Each structure stands twice: as structure tokens, then as C-alpha cells.
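Structure first, commentary second.
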Amino acid sequence: MENSPSSSPSPVRVRFAPSPTGFLHVGGARTALFNWLFARHAGGKFILRVEDTDKARNTDEAAQAIYDGLRWLGLKWDEGPQVGGEFGPYFQSERDAIYERHLERLRAGGHLYEDNGAIRFRSPRETVVVDDLVCGKIAFDLTNPGTHPDMTIRRPDGSWIFHFVNVVDDMEMEISHVIRGEDHLSNTPKHIELYRALGATPPRFAHIPLILNRDGSKMSKRDAGSSIASYIEGGYAPEAVANYLCLLGWSPKDNREKIDLAEVVQIFELEKINRRNAAFDLDKCFWLNGQYIATVTPGRFRTLCLPWMDRAGLDYSGRGEAYLDAVLGSIKEKIKTLRDVPAWTAFFFTDDFPFDAEAVQKTLRAPGANERLGELRARLAELPEAEFTHDGLEPVFKALAAAHGVKTAAYIHPARVAVSGRSVGPSLYHMLAILGKERVLARLAAAPEKAAAATVV
RNA sequence: CACCCUAUCGUCCAGUGGCCUAGGACAGCGGCCUUUCAAGCCGCGAACACGGGUUCGAAUCCCGUUAGGGUGGCCA
């Protein structure tokens with residue numbers, strides 16, 4: 001009565017089988033991630049199958065969001081659309097002949113009957129035990145047709161119903177473990193009936209808990225953070241999102257939050273997955289993203305930043321790679337998302353940078369600001385080029401402030417706004433050192449005029 | 001309505017009979033530092049849903065209640 005594991009070790013083959021809706025849901029992404037982790041851990045295959053039953057229109061476009069999302073997360077599939085494989089086609093819309101064949105087998109076995117033109121599967125009416133890797137053994141009593149009606153597997157128009165094609169595909173593709181959302185748990189006994197009627201041994205099942213909103217409601221398309229695209233567009237690092245998704249229902253058990261995906265592959269086990277639904281905490285994902293950005297290697301950080309700088313039209317190539325890396329290094333531990341990159345770096349690459357109205361009003365137009373900028377410029381002009389470094393600049397500011405009996409901040413703030421147009425940004429001395437003496441002096445000199453000209457809202 | 005799953009701080013996760021006056025993280029609050037900050041550092045508040053058992057002993061096991069989620073489609 002149970003779908004017990006076959007005694008002979010079969011290769012691990014798992015699949016992610018989304019329907020192409022035009023976007024990749026975080027819940028789906030996590031299901032894909034867990035499948036991928038399990039496959040990688042076991043040295044098996046991760047397969048992508050597009051369940052586009054009776055949705056022939058725009059399939060390619062709609063499926064693209066899924067490909068993009070999975071690739072972005074780093075989840076490469078071993079078989080499926082665009083990469084091929086021996087078990088294709090990987091679109092249900094192209095597997096009609098296969099379904100027909102199995103339909104005939106069921107018909108020959110006396111498992112089917114017609115109902116108003118639709119085809120139904122006659123349930124054996126037994127108690128079916130699902131032995132789930134996450135949920136344990138669960139007995140479903142299917143003996144009552146009133147509560148468990150025979151499922152339809154084909155519509156009068158010839159199109160197929162999910163339960164049937166899903167089972168046929170998993171069987172044909174030799175899927176060893178079906179790892180899917182818990183919303184399918186109650187359907188699993190029906191699927192097992194189908195496998196048996198088809199003379200097949202059911203795969204192992206692992207139903208993972210669902211991802212809900214913070215308030216416990218079901219996450220819908222419109223909820224913030226429900227689409228993977230929102231993370232791509234929001235300036236998240238894929239490794240941060242993947243890491244966060246791992247932590248929803250699974251944990252390394254040692255209170256670590258930041259953990260490399262490569263390490264998760266090593267220690268991931270389906271049996272350790274929580275059985276409880278998880279609420280999605282966008283704040284924590286955001287925080288984790290900041291942690292990743294602050295600690296990635298300079299090379300990786302540059303790779304993450306460049307698309308954003310390109311999109312903003314920044315010409316960052318003029319001063320060379322060392323300059324670029326110095327600039328990026330100065331903001332790396334400060335920004336929380338890649339979205340911030342253009343605004344935080346634009347002034348490093350052009351003299352025609354915008355001035356923040358509020359910063360101008362509050363700092364540059366403050367009483368005495370112009371005088372201080374003038375004093376500062378005079379002192380910095382005397383500083384040798386070679387000492388235009390963090391350590392060389394700091395004493396100049398301090399000495400100047402001390403001489404006037406004011407806090408160093410009195411010079412720091414106007415200087416920051418003068419050279420960057422903003423009140424927030426990288427550490428000031430580092431920022432000045434990267435810009436270099438010439439540009440700093442020029443900007444200090446130009447600031448009063450710019451402040452006067454700037455439109456304040 | 002029936003069946004299934006679940007039930008530890010606001011949220012995520014740890015805890016699998018004694019190490020728990022329950023630990024970590026995010027968020028919140030307070031303080032410190034400071035050259036801005038959505039930075040850093042320190043600290044505080046915050047939970048075992050409820051009721052019965054079992055046991056020398058229960059967050060951990062059992063039963064019930066309640067709550068949340070899922071399924072019951074000719075959606076996937």
C-alpha cells in the first residue's frame with residue numbers, strides 16, 4: 001500500500017515543473033532551489049519541465065521569465081528547454097503522443113470511463129499511504145467517492161488535466177524524487193493511484209512548506225517581493241536571495257544566517273526541512289543582501305555593479321580599472337542594494353554631477369559655508385600631491401577646525417556636498433583621495449556658485 | 001462541510017525528555033562612537049496557542065480544543 005523506495009539504487013533525477021505564467025514566484029524559486037540542492041547534493045540531475053498544458057499562446061515569452069529567474073539565481077538545469085536532454089520534449093504542449101499512449105494503456109486496463117465527453121479515472125477506492133520525506137507517513141482514505149470523486153484526466157476538447165500529464169511525465173522522465181509545494185500533498189494519493197494503474201513504482205515524495213506573507217496570508221502576484229524579477233530589478237545580489245530562500249524552512253542548525261550555496265549543497269537534506277509554512281521577511285532578505293554586498297570580492301562586486309552603471313549611462317572606463325575598483329571599494333560597505341550604485345558613484349566619473357537640493361540648502365547655504373570651503377581649498381592647495389591620501393588629509397581638516405575652535409564636521413559636511421553633491425556617501429577622506437587633488441580643488445572652488453544656482457524645491 | 005498539514009519572540013531559524021530562569025538573526029527601542037550613513041559597537045523589550053494526560057521530570061511524547069494553511073476543479 002505504500003510507495004516505498006525501490007531497493008535498487010536508482011539515479012537521483014528531480015524536476016522543477018512550473019507553468020509559464022510570465023513570472024517566477026519566490027515560492028516556485030525556492031521549490032526549484034530545494035530541487036537543485038538535492039540534486040547537486042546527491043550528484044543527480046536537475047530537470048526543468050514547462051507545464052504549458054492548454055496554454056499554447058505566448059509560451060516562449062512567458063517561460064522566459066522562468067529561465068531568467070532560475071539562471072539569475074544560479075540554478076542551471078541539466079535537462080530541459082534550451083539545453084535539451086534524452087527525455088524530451090520538455091514542454092507538455094509537445095508531448096501529446098506520449099499522453100495518448102498512456103491514456104490507451106489506462107483504457108485497456110479498464111481504468112477509464114467517459115463522463116459527458118470528459119474522461120475520468122476510476123479510483124481503486126483504497127486507503128493510500130504517502131510516505132513523504134518531509135511530512136512522514138500519511139494515510140489517505142479514498143474509499144468514499146462522495147468526498148474523493150474520480151478525477152478527470154481529459155477534457156471533452158481533448159486537452160489534458162494536470163494530474164495525469166504530471167504523473168505521466170514524471171514516470172517517463174524517470175523522476176526519482178518529486179519535491180514540490182505542500183499544496184500538492186493532498187493530491188498525492190491520487191497521483192499514486194495513477195502510477196499504480198500505469199504499472200509504475202511511484203517516486204519518493206517530499207512536500208515542502210509554503211511561503212506566506214508576513215501576516216500569514218497566501219502570497220499573491222501583487223505582494224511585494226513575490227516575484228524573483230523584483231529582486232533582480234531591486235538591485236539584489238543573486239547569492240543573497242538564494243541564501244535567504246535556503247533559510248525559509250531549512251537551516252544549517254548552527255545559527256548562521258550567511259552561508260555559501262556551495263556549502264549548503266554539501267549539508268542539505270530533505271529530512272531536515274521544516275514542516276511549517278514560512279512567512280517571507282523582506283527586511284531580513286534586504287539585510288542579508290547588504291551583508292553580501294559588503295563582503296563579496298572586489299571582482300564579483302564589479303561584476304554586480306557594472307550593469308547598473310551601464311544602465312545609468314555612467315562612463316566609468318576613462319580612468320582605468322584601478323580607479324574603478326577604488327571607487328567601488330569606497331561604497332561597498334555602505335550601500336544595501338546595487339540600485340544605489342549609480343547615485344553613489346556618478347560624481348566620481350563626471351564633473352557634471354547633480355546637487356541634492358536638500359543638501360545644498362542645509363549645508364552649502366549655511367552661514368559661513370563659503371568661507372570654510374575657501375579656507376579648506378587654500379590649505380589643501382598646499383598639500384603635496386603625494387599626501388593627498390586618507391592619512392594625509394585627515395590632519396589638515398582637524399588642524400583647520402582646531403584653529404577656528406569648531407568641530408571638524410563643520411568642514412567635513414560642506415566639503416562632502418561640494419565634491420559629491422550629496423550629504424551621504426563614502427568616507428570623506430577616502431572619497432577626496434580617490435577624486436584627487438586637482439578635481440577636489442576645482443569642485444571646492446565651484447561649489448559656492450553651484451549652490452547659488454541650484455534650484456531648491 | 002470533509003480530509004490533510006502545521007502550531008517556540010512581530011518575522012525566520014535553533015531546541016528532538018533533564019544542559020531552557022528557551023538560544024541566534026531580522027525588525028523595534030535605548031545608548032555609544034563618529035566624517036555623512038540604510039555604517040559600526042553595546043544593551044533592552046519580546047515566545048514554548050490553550051486544556052488535559054504520560055513521566056521523577058515536558059517547548060520536546062499522547063489526546064482534545066482553538067487558530068492558521070492546504071486539498072476536495074473539465075486550474076496548475
Side-chain angles (χ1 to χ4, degrees), chain A residues 17-21 28 51-55 92 115-120 130 132 134-136 138-142 144 146-149 151-157 159-163 165-166 180-190 207 209-218 244 246-258 274-291 294 331 333-337 340 344 359 363 390 393-394 397-398 401 407-413 415-417 420 422-432:
Chain A
S19 60
T21 55
E51 306 220 330
D52 57 348
T53 314
D54 93 329
K55 278 185 189 171
Q92 288 188 330
D115 177 17
N116 287 330
I119 298 174
R120 287 183 186 272
V130 177
D132 192 275
V134 172
C135 302
I138 306 158
F140 290 86
D141 179 1
L142 305 188
N144 184 353
T147 56
H148 295 87
M151 68 180 134
T152 303
I153 64 176
R154 190 176 207 181
R155 300 185 189 86
D157 69 358
S159 58
W160 306 99
I161 301 299
F162 158 76
H163 303 293
V165 292
N166 184 265
R180 62 195 353 177
E182 196 200 83
D183 49 338
H184 285 107
L185 182 57
S186 297
N187 288 325
T188 304
K190 292 195 296 194
H207 288 91
L210 271 18
I211 296 181
L212 309 174
N213 285 313
R214 284 286 300 258
D215 64 2
S217 63
K218 195 176 180 183
Y244 179 73
C246 285
L247 264 22
L248 250 26
W250 178 89
S251 113
K253 306 282 184 193
D254 55 10
N255 285 338
R256 273 184 299 167
E257 312 294 330
K258 185 167 176 285
N274 236 164
R275 294 166 75 166
R276 217 185 137 188
N277 287 166
F280 196 90
D281 187 350
L282 207 48
D283 285 332
K284 188 160 179 177
C285 187
F286 182 78
W287 168 81
L288 196 55
N289 191 51
Q291 296 294 303
I331 66 164
E333 289 166 25
K334 304 278 185 175
I335 61 169
K336 287 296 188 104
T337 77
D340 296 331
W344 280 62
T363 307
H390 174 280
L393 287 162
E394 185 171 8
F397 276 78
K398 294 206 162 160
K407 285 185 155 187
T408 318
Y411 287 89
I412 283 169
H413 295 314
R416 174 185 296 285
V417 178
S420 72
R422 295 159 51 86
S423 58
V424 299
S427 149
L428 182 76
Y429 304 133
H430 285 118
M431 186 162 85
L432 297 181

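Residue numbers begin at 1 in each chain, while the letters A, B, ... track the order of the sequences. Below, all heavy atoms of this structure are taken into account, side chains as well, without hydrogens, waters or symmetry copies. These numbers come from a predicted model, not from an experiment.
Here Thr147(A) does not reach the OP1 or OP2 of A2(B): none of its side-chain N or O atoms lies under 4.0 Å away. For C75(B), one of the phosphate oxygens OP1 or OP2 lies less than 4.0 angstrom from a side-chain nitrogen or oxygen of Arg155(A). In terms of phosphate contacts, Asn277(A) brings no side-chain nitrogen or oxygen within less than 4.0 Å of OP1 or OP2 of G68(B).
Residue Pro149(A) has its side chain nearest to G72(B) when only C5(B), G72(B), C74(B) are considered. Listed nucleotides: A38(B), G69(B), U8(B). Nearest to the side chain of Leu210(A): G69(B). For Ile138(A), the listed nucleotide lying nearest its side chain is C4(B); candidates were A14(B), U35(B), C4(B). Which of G69(B), U35(B), U36(B) sits closest to the side chain of Leu428(A) comes down to U35(B).
Nucleotide A67(B) is matched to U6(B) when pairs are restricted to Watson-Crick or G-U wobble geometry with both distances under 3.5 angstrom. Pair check for C12(B) finds G24(B); Watson-Crick or G-U wobble, both atom distances under 3.5 Å.
Scanning atom types as modelled, no donor and acceptor separated by under 3.5 angstrom connect the side chain of Lys253(A) and the base of A14(B). In this model, a side-chain donor or acceptor of Asp340(A) finds a partner on the base of A38(B) within 3.5 Å.
Look at Arg256(A) and Asp254(A) and you find a salt bridge, because one of the NZ, NE, NH1 or NH2 atoms lies within 4.0 Å of a carboxylate O, short of that distance.
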